There are 2 protein chains.
Amino acid sequence: MADKRPAKKRDPERTREAILDAAREVLALDGKEGLSVARVAQRAKVNRGTAYQHFQTREQLIEATAAWVSEKLHRAVFGDPEIASNVPAENINIESVNKHLAEFAMENPELGGVWLFEVLSSRRPANDMFWRTYESKFEQFAATKFAQPDIDVEVLSVLILAGSFIWPVWARAHARTANERQEMSARFSREILRLCLHGTLRPELYAELDARLTKEAKAVSELRAVVPKTRRASSNS
Amino acid sequence: MADKRPAKKRDPERTREAILDAAREVLALDGKEGLSVARVAQRAKVNRGTAYQHFQTREQLIEATAAWVSEKLHRAVFGDPEIASNVPAENINIESVNKHLAEFAMENPELGGVWLFEVLSSRRPANDMFWRTYESKFEQFAATKFAQPDIDVEVLSVLILAGSFIWPVWARAHARTANERQEMSARFSREILRLCLHGTLRPELYAELDARLTKEAKAVSELRAVVPKTRRASSNS
DNA sequence: CCGATAGTCAACAGCATTGTTGACTATCGT
DNA sequence: ACGATAGTCAACAATGCTGTTGACTATCGG
């Protein structure tokens with residue numbers, strides 16, 4: 001009775017990594033729906049019980065993965081988190097940000113989707129590394145002379161992120177080869193840029209609508225100046 | 001031995017409806033992940049086997065629900081399908097379309113999300129009633145003098161639909177009361193409209209970028225004029 | 001070198017789901 | 001009024017997942 005137990009070496013950190021690696025593989029393969037602790041553990045060559053030791057629940061495992069994605073995404077779009085925070089918003093290359101975002105999304109469709117939903121449904125999105133940078137840079141930029149007035153940064157952030165991560169769903173259904181997908185990604189970036197520069201309507205033909213909108217925006221911003229930030233989305237309660 | 005079997009009346013159509021109703025309830029409650037044939041059958045007060053008779057698989061049940069949603073959505077945004085097809089694209093009230101879309105999404109967040117993914121991952125989105133109208137009206141509109149040139153309608157359709165149906169995810173995480181949610185929905189519509197009119201950047205400060213973009217757009221459109229429609233997204237293969 | 005700590009594992013019990021089958025019977029066409 | 005059709009159901013067998021528990025043992029601090 002020599003080697004009943006394989007006398008496995010211990011390295012909790014490595015084990016944790018193995019589990020997270022496996023979780024990412026499963027997610028990338030079958031999405032959120034396909035992820036079960038059992039399957040992940042099996043793929044990580046770890047006992048299910050062990051997995052439960054590291055992540056008390058399926059949800060926590062997903063959250064941890066989302067955090068990992070957030071960091072990767074940050075690197076892909078803004079570069080090193082340490083450095084990025086010092087770059088003034090005016091210097092950000094909008095074209096490059098959009099492009100890298102779109103490419104990341106196209107290359108990691110499932111993981112990206114999981115991350116997106118995790119952040120959006122989180123009660124504290126500001127805990128998420130990428131969201132924090134993205135939204136705050138956007139906010140700063142919107143205050144510069146380069147930006148149009150009256151932008152609702154929160155809406156626009158959600159819009160562009162949602163679009164970026166959901167476009168690949170469409171793309172994968174309609175593009176077979178890697179090349180076609182790359183072209184799809186480029187198309188998306190291009191259109192976002194075009195949209196940012198010109199919108200879709202000729203404002204001179206919508207004078208009345210334009211005026212009304214501007215008036216409304218003024219009213220809203222005054223309202224927000226009075227009611228500090230309490231009831232706004234950040235929700236520091 | 002009188003009433004062993006409740007001697008249930010038969011009405012296949014009604015049964016089918018009951019199952020679909022239940023499926024919608026379950027989806028609205030717990031989303032796609034929470035839907036199992038067993039649960040739906042139970043809620044519809046129908047034997048599981050019966051449910052399998054009407055819908056061979058969980059997926060088909062979801063597809064059927066998505067089709068139902070598509071029709072409701074069509075009514076909410078464009079009105080009666082018969083009539084809508086005759087309205088010329090120039091007469092469409094963009095503000096109203098966006099508003100109804102956003103409201104529908106906010107009121108049916110889960111169902112909307114399910115529909116969205118169903119269409120986007122479908123190989124034949126043109127089979128979907130709402131998508132067909134939305135995209136074609138958009139396409140027609142983009143050809144009028146009211147629209148900016150060089151719009152990529154496909155990208156923009158996906159972008160706006162994705163935004164509309166995902167914004168509620170954010171909204172529900174940050175707004176408690178129905179009123180707050182309504183305000184969130186209004187904010188979204190407003191910002192979409194603003195974006196359509198003015199974009200986010202002051203184009204006069206991005207002359208070089210603008211020029212490059214326009215040049216690219218021209219190249220792309222010439223390319224598409226040569227390669228008919230074959231390799232494009234519709235994919236009539 | 002010993003004892004506490006904590007990482008790892010096998011096994012248990014409970015539950016939900018899946019797809020299928022054969023039996024029953026309401027319904028409809030003739 | 002009868003027989004075929006098809007809608008409905010109960011029950012089966014197989015599978016997979018969930019949490020939890022108790023036992024084993026590698027590792028580390030003293």
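Note that the structure is predicted; figures quoted are calculated from it, not measured. Order of the sequence lines sets the chain letters (A, B, ...), proteins ahead of strands, with each chain counted from 1.
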5' priority, DNA chain D, between A/Arg39 and B/Thr15 [closest heavy atom]: B/Thr15
Below 4.0 Å: OP1/OP2 of C/dC9 and any side-chain N or O of A/Thr50: yes
OP1 or OP2 of D/dA10 under 4.0 Å from side-chain N/O of B/Asn47: yes
Parallel, tilted or perpendicular: ring planes of A/Phe117 versus B/Phe117, cut at 30 and 60 degrees: tilted
Whether B/His174 and B/Trp170 hold their rings parallel, tilted or perpendicular, with breakpoints at 30° and 60°: tilted
To the nearest Å, give me how far apart [atom1] ([X]) and [atom2] ([N]) are.
{"X": "B/Asp11", "N": "C/dC28", "atom1": "CG", "atom2": "C1'", "value": "14 Å"}
{"X": "B/Arg16", "N": "D/dG7", "atom1": "CZ", "atom2": "P", "value": "12 Å"}
{"X": "B/Glu33", "N": "C/dA16", "atom1": "CD", "atom2": "C1'", "value": "16 Å"}
{"X": "A/Gln42", "N": "D/dT18", "atom1": "CD", "atom2": "P", "value": "12 Å"}
{"X": "A/Lys45", "N": "C/dT8", "atom1": "NZ", "atom2": "P", "value": "16 Å"}
{"X": "B/Leu61", "N": "C/dT18", "atom1": "CG", "atom2": "P", "value": "10 Å"}

Under 3.5 Å donor-acceptor, A/His74 side chain and A/Gly79 backbone: yes
Which nucleotide in the list [options] gets nearest to the side chain of [X]?
{"X": "B/Val37", "options": "D/dG7, C/dT18, C/dA10", "answer": "C/dT18"}
{"X": "B/Arg48", "options": "C/dG7, C/dG19, D/dT18", "answer": "C/dG19"}
{"X": "A/Ser36", "options": "D/dC17, C/dT8, D/dC9", "answer": "D/dC17"}

Lys/Arg-Asp/Glu bridge criterion (N-O < 4.0 Å) met for B/Arg132, B/Glu139: no
B/Glu33 atom CD, over 12 foreign heavy atoms within 6.0 Å: yes
A/Lys32, NZ atom: more than 12 neighbouring heavy atoms under 6.0 Å: yes
Contact list for DNA chain C against residues 52-60 of chain A - heavy-atom distance below 4.0 Å: A/Gln53, A/His54
Minimum side-chain heavy-atom gap A/Leu101-A/Phe188 below 4.5 Å: no
Polar side chain donor-acceptor pair, B/Trp115 to B/Asp128, under 3.5 angstrom: yes
Under 3.5 Å side-chain donor-acceptor pair for A/Thr15 and A/His54: no
Bend angle of the helix from C/dC1-D/dG30 to C/dT30-D/dA1, from helix axes over five pairs at each end, nearest 10°: 20°
